[in-house]
Amino acid sequence: MRDDYQQLVDEITAVLRAPATLENRDFALIAFGAQDSEDGEDTEEPALDPVRTRSILQRRSTAAVRAWFEAFGIARAQAPLRIPPDPAAGVFMGRICLPVRHRGVVHGYVWLLDDGHLSDLELGGPTGTPDPRLARAMETAARIGALLAAEARAGEELGELLRDVLTAPPAGRDAARTQLRTALRGAADGPLALVAVVPWTPGTGEDADHPGLPHLPGIVAACALPGDATAGAGLAALVRLRAATALDPARTTAEQLLRSPRATAGGAAAARGESPAKAAAGVSAPRRGLEELPAAWQEALAAARAAHADPRLGPVAEWSAIGPYRLLAALPALQPDAAVRPLLEPAHAELARTAETFLDCAGQAGRTAQRLGIHRQTLYYRLSRVRQLTGLDLDAGEDRLLLHMTLKAARLGPPRH
């Protein structure tokens, strides 16, 4: 289907004699056209402004760019819009935006750089008549909209099956697995990995018709899963791997998903009067076939929680690389051990960080002081305060284990799903 999009974008480029760019509703790049020089003559290529260059190279625009363009009403537009340049926003050239709609729902946008070649193009309006070339381009945009809508419907069906495989009772899970295997054909045999992105904001309000499921080349199925009282919704993405030992495609997909404007808990956080939570992603161990997807999902979630908990692991963490969090994430939510609880009070945050770093460094004072950027005598003083608060002996292996695991569990926080 990607070839179909490219062909249609090339049609618009040829009709309007200007390079067109197609992005989906979430500003992820789908295809872009290149303008050929007329009659074989050499012509100077139009300069690219930073926003378009970044969109092509990174295949996605930033949240700030999305907000800037959406302020012009592109999500509600029924007809082409001319958007002026704004160098302060990195938009050095104006744009003409062709909304890509199907049955009244916007599914994407075709962008044209308004570098002067299109200044004579009449966009029309409530009473005006659009340029015939533009009318032809809008007909092509409507065909793109139909393709995007069909792809979205197919993706939603696959996503519903994936959701049932991950969360349904055993009987429903088996039936969904059989249907998903049939729908995925050869891809169901793997190798595959699951990616978890937490939090993930599904479509609401004007976006209610857009569940926010991503359309990236490596994803064979994706679904949004509900959160709980302490966490936003999450996204599960089933990714095809090139080899059972290479997670690079899953990691790349996770990084792309984290650039999505939906990779936040914006709506839920705002309702609680909080700032949007920054998303993190986790990648499961590779799997062959669909039988172990529920276990792979728990691995991906655990890795995402670990990425949230420990900045050294994030923003994308692999299950195989999260160390003790593999064990801690599998445990139910527990109250901190009574001996360690005083250390977890906000007033003692620096002491808790010192103790955790000391234990991470296997009790080596020199390494600990260097990592914390403090003098050894300061370290010894803080460790003595830890002993006083907890009553634990940092020279005793079991006490050190208890303290270390409690601090790591507190950092990890409660389960998100």
Side-chain angles (χ1 to χ4, degrees), residues 152-185 187-203 211-216 218-241 247 249-251 253-254 257-258 260 262-263 265 279-308 316-320 322 325-326 329-333 414-417:
R153 285 193 300 272
E156 289 170 26
E157 292 173 0
L158 288 173
E160 290 172 2
L161 292 173
L162 177 61
R163 183 184 299 111
D164 288 344
V165 169
L166 299 182
T167 64
R173 183 181 302 169
D174 291 342
R177 184 184 295 115
T178 299
Q179 295 179 60
L180 184 60
R181 182 181 294 110
T182 300
L184 295 182
R185 301 179 182 177
D189 295 329
L192 301 163
L194 269 169
V195 171
V197 180
V198 180
W200 182 268
T201 303
L213 300 182
H215 299 288
L216 296 174
I219 296 178
V220 296
C223 64
L225 296 173
D228 54 30
T230 62
L235 178 82
L238 186 61
V239 179
R240 189 196 329 243
L241 305 178
L247 283 170
R251 190 174 187 90
T253 297
L257 291 172
L258 287 177
S260 168
R262 298 184 185 274
V283 180
S284 75
R287 294 297 197 285
R288 284 202 173 273
L290 309 179
E291 299 298 323
E292 297 183 3
L293 287 191
W297 173 237
Q298 294 305 314
E299 292 175 0
L301 273 180
R305 288 177 63 198
H308 270 290
V316 178
E318 297 177 12
W319 163 256
S320 61
I322 62 174
Y325 294 115
R326 292 201 297 268
L331 299 176
R416 291 183 172 266
H417 290 272

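Note that these values count all heavy atoms, side chains included, but never hydrogens, waters or copies made by symmetry. Each residue takes its place number in the sequence, starting with 1.
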Donor-acceptor pair, side chain of R251 and main chain of V316, under 3.5 angstrom: yes

Where A250 and V195 come nearest, the two heavy atoms and their spacing: O-CG2, 3.6 Å

Closest approach of V220 to A187 (non-hydrogen atoms, all atoms of both residues): CG1-CB, 4.4 Å

Heavy-atom pair with the smallest gap, counting every atom of L257 and A263: O-CB, 3.6 Å

Which residues share a side chain to side chain donor-acceptor pair (under 3.5 Å) with E160, sequence neighbours left out: none

All side-chain contact (heavy atoms from CB on, under 4.5 Å) counterparts of R177, not counting sequence neighbours: V165, R173, D174, R181, L290, E291

Rounded distance [0.5 Å steps], SG in C223 versus CG in L166: 5.5 Å

Residue R287 excluded, over 12 heavy atoms near CZ under 6.0 Å: yes

Interatomic spacing from CH2 in W319 to CG in L247 - rounded to 0.5 Å: 13.5 Å

Reported CD1-to-CG distance for the pair I219 and L162, which is rounded to 0.5 angstrom: 10.5 Å

Closest non-hydrogen atom pair between G172 and A168, with its separation: C-CB, 4.1 Å

L238/L158 under side chain to side chain contact (heavy atoms under 4.5 Å, CB included): CA gap, chis, key distance, verdict: CA-CA 10 Å; L238 186 61; L158 288 173; over 6 Å; no

Nearest heavy atoms of I322 and A306, plus distance in Å: CG2-CB, 3.7 Å

Pairing residues for E157 by the side chain to side chain donor-acceptor pair (under 3.5 Å) criterion, not counting sequence neighbours: none

Nearest heavy-atom neighbours spanning A196 and A304: O-CB, 4.0 Å

Distance (rounded to the nearest 0.5 Å) between L192 CG and R240 CZ: 8.0 Å

Candidate pair L225 and R163, rule side chain to side chain contact (heavy atoms under 4.5 Å, CB included), full reasoning: CA-CA 7 Å; L225 296 173; R163 183 184 299 111; 3.4 Å; yes

Interatomic spacing from CD in Q298 to OG in S284 - rounded to 0.5 Å: 11.0 Å

